[in-house]
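We name chains A, B, ... by the order of the sequence lines, and we start the count at 1 in each one.
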2 protein chains.
Amino acid sequence: MNGPSLPTRSRVTISEVAEAAGVSKATVSRYIGSDRQLLAEATALRIEQAIERLDYRPNQMARGLKRGRTRLIGMIVADILNPYSVAVMRGVETACRQHGYTLVVCNTDRSTEQESQHLAALRSYNVEGLIVNTLGHHAGELLSLHSELPMVLVDRKVEALQADLVGLDNRDAVRQALDHLQQRGYRDLLLVSEPLDGTSSRQERVAAFEAGIARSPLLQGRVLQTDGAFCESLWDFLVASGAGPKALFAANGIAALSATRQLREFGYRLFEEIGLIALDDLDWYPLVGSGITALAQPTEQIGVTAFECLLDRLGGARGPARHFDFKAQLIVRGSTHPRG
Amino acid sequence: MNGPSLPTRSRVTISEVAEAAGVSKATVSRYIGSDRQLLAEATALRIEQAIERLDYRPNQMARGLKRGRTRLIGMIVADILNPYSVAVMRGVETACRQHGYTLVVCNTDRSTEQESQHLAALRSYNVEGLIVNTLGHHAGELLSLHSELPMVLVDRKVEALQADLVGLDNRDAVRQALDHLQQRGYRDLLLVSEPLDGTSSRQERVAAFEAGIARSPLLQGRVLQTDGAFCESLWDFLVASGAGPKALFAANGIAALSATRQLREFGYRLFEEIGLIALDDLDWYPLVGSGITALAQPTEQIGVTAFECLLDRLGGARGPARHFDFKAQLIVRGSTHPRG
DNA sequence: CTGTTAGCGCGTTCAT
DNA sequence: ATGAACGCGCTAACAG
């Protein structure tokens with residue numbers, strides 16, 4: 001009367017394979033591992049057949065316990081709903097698989113409590129390395145973890161954590177944006193960012209924006225966060241008599257979504273009356289209004305690099321923390337053509 | 001000369017805690033587990049302090065090895081770039097965390113080879129249960145796995161696999177779409193679907209669409225896949241002299257993206273000349289043209305239900321495979337207002 | 001080339 | 001209420 005949904009068979013162990021093949025566990029272990037060349041062809045064949053027949057799969061938990069290598073990589077992500085995070089994660093996962101590692105992803109939903117809970121879980125599963133894309137407001141946990149295993153930060157720094165960092169060259173990206181906007185004739189700019197909660201990449205973008213404005217005599221600029229006052233502040237900017245054609249600069253994909261939504265609610269025609277350039281290149285950018293001009297991040301490559309960086313450390317590489325800053329790529333669409 | 005990126009400290013074990021507290025490993029083990037009430041208050045206190053001081057974390061691998069419970073749940077996803085998958089995954093992850101489980105997500109990128117590789121990995125890590133959102137064209141592996149652990153399917157069936165299924169009531173969703181389109185005056189419909197590669201939910205939507213068309217004397221309808229011939233076939237539909245106002249019905253978010261992109265390339269004004277309704281409700285739907293009418297899936301709830309279903313089986317529940325079909329929710333926007 | 005032994009870190013009988 | 005001893009599945013050390 002076993003229903004189909006009731007698992008019954010228990011796992012085949014190395015002992016059963018050894019017995020079936022008429023050898024010792026150690027010999028089977030050698031076959032499993034990388035010492036296969038030490039075996040006589042005849043025994044290797046018998047073991048192979050026994051494994052095949054019993055459908056044996058080595059237990060990674062037990063292997064990890066013995067060897068201290070779990071082949072597990074942890075990744076902790078601030079916001080899985082952000083396409084950027086997913087894209088990076090995809091790159092990490094691809095690289096992991098190619099190197100025989102398995103990725104465990106944890107999403108914190110920007111919650112400090114969940115971050116610490118997840119870190120504890122990852123540690124308890126003996127992940128060999130950690131890829132971190134959170135604020136690390138819970139820096140204590142992270143710091144303590146970093147004394148046990150290598151970590152690499154993605155996109156954002158964590159203060160007091162001297163770890164490798166893979167991310168965007170934010171200064172260059174902002175410069176590209178300002179150059180492009182100025183060249184297209186926009187003069188009055190508004191940087192729209194998610195709340196500055198300590199995320200270093202956001203701060204860097206804001207700082208680079210303000211520095212760029214200060215350097216450019218032609219440009220005026222303000223910064224706005226997508227918080228409670230966003231709606232009114234944006235309206236203020238839109239109706240103010242400015243220095244010239246106006247444009248928004250969304251500091252990431254989420255901000256681009258908020259800004260565009262708000263513009264629509266105000267009844268603006270996208271993007272005849274106001275320009276827009278956005279960091280990140282989401283798949284729907286081409287569909288909105290005349291298309292949203294983007295600064296694309298090489299997200300997959302960021303993910304792959306993060307993993308390779310980790311692998312490097314796992315291989316014993318030491319030395320000071322390294323930084324990998326990728327350049328953004330400008331993709332021009334309709335949203336930066338003034339007057340339609 | 002240890003750089004900051006070189007992990008050094010090795011993990012604290014139960015033995016060290018036992019020694020520090022002046023008790024045996026078994027006593028500490030009881031403290032860790034659920035036998036805490038069996039301990040004398042004094043010893044419990046000493047253990048607690050030792051754990052605190054040494055920052056001890058039980059090794060889940062070792063626990064799992066001994067008890068046969070890893071507290072690991074595996075999830076295998078066909079396409080992580082599909083927002084639907086991510087949303088479901090988020091629900092699963094939330095539920096996992098609340099119940100002390102950790103989720104391991106694997107993305108197959110719709111590749112059969114990766115699917116089998118990932119299944120092997122998940123099995124080797126002794127995941128206790130599996131949430132499956134793939135075609136399972138590699139059904140052999142899945143079937144064999146299902147004899148070892150409980151599984152629950154999400155969104156799509158796998159033939160020959162008698163497992164619980166959590167997904168959408170596709171017939172009802174399609175009926176809602178057709179009713180809405182007909183009521184809005186559309187008469188000539190085109191269902192746009194990703195390629196029918198065996199994905200059961202796609203097939204169900206197509207079948208329900210064709211059945212619905214056959215039942216409705218007012219409606220005409222065809223089905224189109226987003227494959228190589230998509231562009232020309234769509235054009236044929238658009239220029240053909242039809243029975244009346246035309247509308248597209250995108251069978252999911254990806255199809256909606258393809259369809260909208262193609263309409264734009266044809267120079268259509270969205271959505272004055274043609275209607276559109278789309279399954280899934282992505283965050284950018286409101287921004288495109290006059291806004292895309294959606295049939296939203298309760299993705300988070302689907303994820304939570306999938307996990308709870310699994311938990312149920314892990315708790316020993318048996319019986320035939322169950323089906324959980326959620327209703328889609330119609331969200332009307334501008335894309336289903338004929339003549340702008 | 002292969003078998004024997006001894007753990008990895010932990011939970012679980014048995015004793016006491 | 002607590003400790004000693006064994007084993008989970010596997011690998012590494014040493015024999016032979």
Provide, to the nearest angstrom, the distance between the CG atom belonging to A/Asp35 and the C1' atom belonging to C/dG3. 15 Å
Just call it for B/Leu65: base, sugar-phosphate, or nothing, with non-hydrogen atoms closer than 4.0 Å on any strand. base
Where the side chain of A/Arg57 meets the backbone of B/Ser124, is there a donor-acceptor pair that is under 3.5 Å apart? no
With A/Asn107 as partner, the option from A/Asn133, A/Ile76, A/Ile80, A/Leu81 fulfilling side-chain contact (heavy atoms from CB on, under 4.5 Å) is A/Ile80
Base, sugar-phosphate, or nothing: which does B/Val23 touch, judged by heavy atoms less than 4.0 Å apart? sugar-phosphate
Going by atom types alone, do A/Gln60 and A/Arg71 pair a side-chain donor with an acceptor below 3.5 Å? no
Pick out which of A/Val77, A/Val154, A/Val304, A/Thr305 makes a side-chain contact (heavy atoms from CB on, under 4.5 Å) with A/Val88. A/Val154
What is the distance, rounded to the nearest whole Å, between atom CZ of A/Arg11 and atom C1' of D/dC10? 12 Å
Strictly below 4.0 Å, N to O, side chains only: are B/Asp79 and A/Arg90 in salt-bridge contact? no
Starting from C1' on D/dG7, measure out to CE on A/Met61 and report it in whole angstrom. 18 Å
Base, sugar-phosphate or nothing for B/Thr27? Non-hydrogen atoms, less than 4.0 Å. sugar-phosphate
Do A/Thr199 and A/Asp197 pair up side chain to side chain, a donor and an acceptor below 3.5 Å, judged on atom types alone? yes
Atom-to-atom span, CD of A/Glu19 to C1' of C/dG3 - whole angstrom: 15 Å
Return the value, rounded to whole Å, for the distance between atom CG of B/Leu38 and atom C1' of D/dT2. 10 Å
Interatomic distance, A/Arg69 CZ vs D/dT11 C1' [rounded to whole Å]: 13 Å
Side-chain atoms of B/Arg67 come closest, of C/dT12, D/dG3, C/dT2, to C/dT12
Walking DNA chain D from its 5' end, the first of A/Ile32 and B/Ala62 to be reached, judged by nearest nucleotide, is B/Ala62
Mapping B/Gln60 and A/Ala40 to their closest nucleotides on DNA chain C, which lands nearer the 5' end? A/Ala40
Counting side-chain heavy atoms from C-beta on, which of C/dT12, C/dT2, D/dA12 comes nearest to A/Lys66? D/dA12
Whole-Å distance separating the CG atom of A/Asn126 from the C1' atom of C/dC10: 12 Å
Find the distance A/Lys25:NZ to C/dT2:P and express it as a whole number of Å. 18 Å
In terms of side-chain heavy atoms of A/Ser24, which of C/dG3, C/dC10, D/dC10 is nearest? C/dG3
From C/dC1, C/dG9, D/dG9, pick the nucleotide closest to the side chain of B/Thr13? C/dG9
At under 4.0 Å, does any side-chain N or O of A/Arg63 touch on OP1 or OP2 of D/dC10? no
Note: for A/Glu41 and B/Ser15 on DNA chain C, the residue whose nearest nucleotide lies more 5' is A/Glu41
Using a 4.0 Å heavy-atom cut-off, does B/Tyr56 contact any base of the nucleic acid, only the sugar-phosphate backbone, or nothing at all? sugar-phosphate
Please pick, from D/dG9, D/dT11, C/dT4, the nucleotide with the shortest atom-to-atom distance to any side-chain atom of A/Ala26. C/dT4
Look at the side chain of B/Arg57 against the base of C/dG9 and say whether a donor-acceptor pair falls under 3.5 Å; ignore hydrogens and angles. no
Between the opening five pairs and the closing five pairs of the helix from C/dT5-D/dA12 to C/dT16-D/dA1, how far apart are the helix axes, to 10°? 50°
Quick check against the 3.5 Å criterion: does A/Glu16 have a side-chain atom that pairs as donor or acceptor with the backbone of A/Thr13? yes
Under the 3.5 Å rule, do the base of C/dG3 and the side chain of A/Arg30 count as making a donor-acceptor pair? yes
Have a look at B/Ser29 and say if it touches a base, only the backbone sugar-phosphate, or nothing, with a 4.0 Å heavy-atom cut-off. base
B/Ser201 and B/Asp155 side chains, donor-acceptor separation under 3.5 Å: yes
Main-chain N/O of B/Ala21 paired with B/Arg46 side-chain donor or acceptor, under 3.5 Å: yes
